[in-house]
Structures are given as structure tokens and as C-alpha cells.
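Shown next, in C-alpha cells, is the structure this report addresses.
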Amino acid sequence: MFESVIIASGPTIEPIDPVRFISNRSSGKTGFHLANEAKKREIDEIIFITGPTNYIPSDVNLVHVDTAISMRDNILTYFKEAGVIIMAAAVSDYRSSEYCHEKIKKGNDRVILELVKNPDILKEIGEKKSDDQILVGFAAETTNIFKNAKEKFERKNLDLLVLNEISKENPVFNEDLNQVFFIYKNGIIKLDKMSKMEIAVLIWDEIFKIAEQT
Ligand code: C5P
């Protein structure tokens with residue numbers, strides 16, 4: 001059904017100096033399961049664009065990236081031919097405003113690091129995509145989760161948003177189990193807590209349903 005799909009996975013890492021970086025707790029498990037499930041469906045080419053993670057699927061067109069900017073550049077390279085773009089990556093929202101080519105010495109008691117915003121890849125793809133391309137985003141929220149998620153759905157021009165509520169009961173990052181909500185144009189569905197592998201199956205089921213409707 002789809003000739004080409006893009007799955008962006010894992011964290012991005014934003015260097016500060018040759019040995020230090022800013023990143024996050026993303027394991028890349030959800031993206032990994034999404035790629036494995038894609039292989040079971042009628043999809044000719046899976047372009048898997050990933051930040052550093054141990055979860056690398058086999059038999060995909062694999063593109064390793066590190067920073068948000070390198071992830072963006074690679075997604076833009078492949079995006080026109082992709083019928084589906086799934087942004088499961090935990091893109092770092094900020095990067096250091098300067099890269100220090102030498103290791104920063106620990107002299108001062110206080111060091112101030114200035115951060116600048118990274119490009120919002122999902123928003124950019126949402127603006128550029130055509131009506132027959134399906135765009136899936138993720139959200140990890142701790143407060144006002146439905147309000148924030150619905151705004152995100154609209155602002156980023158998504159077809160499906162997978163909402164994670166991060167809480168003590170559902171820590172999400174690096175876990176095998178997760179409880180998510182699917183946000184669509186016309187509503188919300190709460191899924192039971194289940195494995196990330198099972199969630200990947202249901203996400204692909206939704207993508208195929210959306211494709212049939214468009
Ligand atoms: O706005 P927020 O970061 O909560 O949105 C999360 C979604 O946006 C995820 O799908 C993530 O992959 C994507 N994202 C992005 N570029 C960023 C930040 C997040 O594509 N700079």
C-alpha cells in the first residue's frame with residue numbers, strides 16, 4: 001500500500017564540547033517496534049532515521065544521525081516520496097548556542113550554558129506535507145495533557161497524535177509497557193496499558209484506516 005515510509009526514532013544529542021552533550025531518556029523502543037511492524041505490512045521501503053540507541057531494526061534503510069539539525073536534514077531529503085512519516089524520535093528542544101572545540105575545564109564554580117531552540121521538524125513537515133501523506137506525531141505531557149495534545153495536533157497539522165501521559169504510574173521512558181491515547185481530528189481513544197510492541201501494531205492499524213479514508 002505504501003511505497004516508502006519514514007520512521008524517526010531515538011533521542012537526538014546536542015554537543016557542548018568534544019566529550020559532553022545534551023540529550024534525553026528516549027530508548028528508541030517504540031520506533032524499533034514500529035519498524036518491525038512495518039516490515040509485516042505491504043511497505044516497499046522503510047527509511048529508519050535514528051539518533052543514538054541500542055534499538056536498531058534489521059532490513060531497513062538505516063540512517064544514523066546525532067543532532068536535531070542532522071535529523072531534520074535527513075528527513076527533508078526523504079520526505080517527498082514518503083507516504084507516511086512517523087516522528088517517534090525524542091528531538092532535543094534546545095541545543096547549546098556555541099560548540100566549544102576544546103573540553104571545557106572545570107575551573108569556575110558556576111558555568112552558564114546558553115541554549116537556543118532547535119527546529120521543530122514535525123511542525124515543518126506538517127506545513128510541507130501534501131494531503132495524501134500521513135503524518136504521525138508523539139507527545140509526552142505531564143499537565144493539561146488533552147488540551148496540550150489537541151493544540152499540538154492542530155498546530156503541527158497531524159493525522160494522528162500518540163499521547164503519553166508521563167506520571168509515576170506510567171514513566172514511559174525506557175519502559176517496555178506504556179499507556180497511550182490516540183488523538184484524531186474527531187476524538188480521543190484511551191488504550192489499555194500494553195507492550196510497546198502491541199502499541200506499534202495498533203498505530204499501524206490506525207495509519208492503514210486513515211489511508212483508506214483519504
Ligand atoms: O512539541 P513537542 O516536542 O511536545 O512535540 C513532540 C513531537 O514533535 C514528537 O513527535 C517529536 O518527534 C516532534 N518534535 C520534532 N522536533 C522538535 C521537537 C519535537 O519533530 N524540535
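What you see is a predicted model; the values in this text were computed from it and never measured. As the structure lists them, so they are numbered: ligands from 1, and atoms in each ligand from 1.
With ring centers used as reference points, Phe153 lies 6.0 Å or more from Tyr184.
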Could you walk me through whether Lys193 and Glu169 pass salt bridge (Lys or Arg N to Asp or Glu O under 4.0 Å), step by step?
CA-CA 10 Å; Lys193 194 157 194 161; Glu169 296 72 41; over 6 Å; no

Worked verdict on Glu45 versus Glu3 for side chain to side chain contact (heavy atoms under 4.5 Å, CB included)
CA-CA 6 Å; Glu45 188 185 34; Glu3 280 180 18; over 6 Å; no

Taking a 3.5 Å cut-off between nitrogen or oxygen atoms, can you list every pair linking ligand 1 to the protein, with distances?
residue: ligand 1; atom: 1 (O); partner: Lys156; partner atom: NZ; Å: 2.8
residue: ligand 1; atom: 4 (O); partner: Lys152; partner atom: NZ; Å: 2.4
residue: ligand 1; atom: 5 (O); partner: Lys156; partner atom: NZ; Å: 3.1
residue: ligand 1; atom: 8 (O); partner: Lys156; partner atom: NZ; Å: 3.3
residue: ligand 1; atom: 10 (O); partner: Met87; partner atom: O; Å: 2.8
residue: ligand 1; atom: 10 (O); partner: Phe138; partner atom: N; Å: 2.9
residue: ligand 1; atom: 10 (O); partner: Phe138; partner atom: O; Å: 3.4
residue: ligand 1; atom: 12 (O); partner: Met87; partner atom: O; Å: 3.2
residue: ligand 1; atom: 12 (O); partner: Ala89; partner atom: O; Å: 2.6
residue: ligand 1; atom: 16 (N); partner: Ile121; partner atom: N; Å: 3.1
residue: ligand 1; atom: 20 (O); partner: Ile121; partner atom: N; Å: 3.4
residue: ligand 1; atom: 20 (O); partner: Leu122; partner atom: N; Å: 2.8
residue: ligand 1; atom: 21 (N); partner: Pro119; partner atom: O; Å: 2.8

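A cation-pi contact, defined as under 6.0 Å to the ring centre and within 45° of the axis, links Arg41 to Phe208.
If you check the side chains of Thr50 and Thr53, you find no donor sitting under 3.5 Å from an acceptor.
Considering CD1 of Ile134 and CG of Asp159, their distance stands at 6.0 Å, rounded to 0.5 Å.
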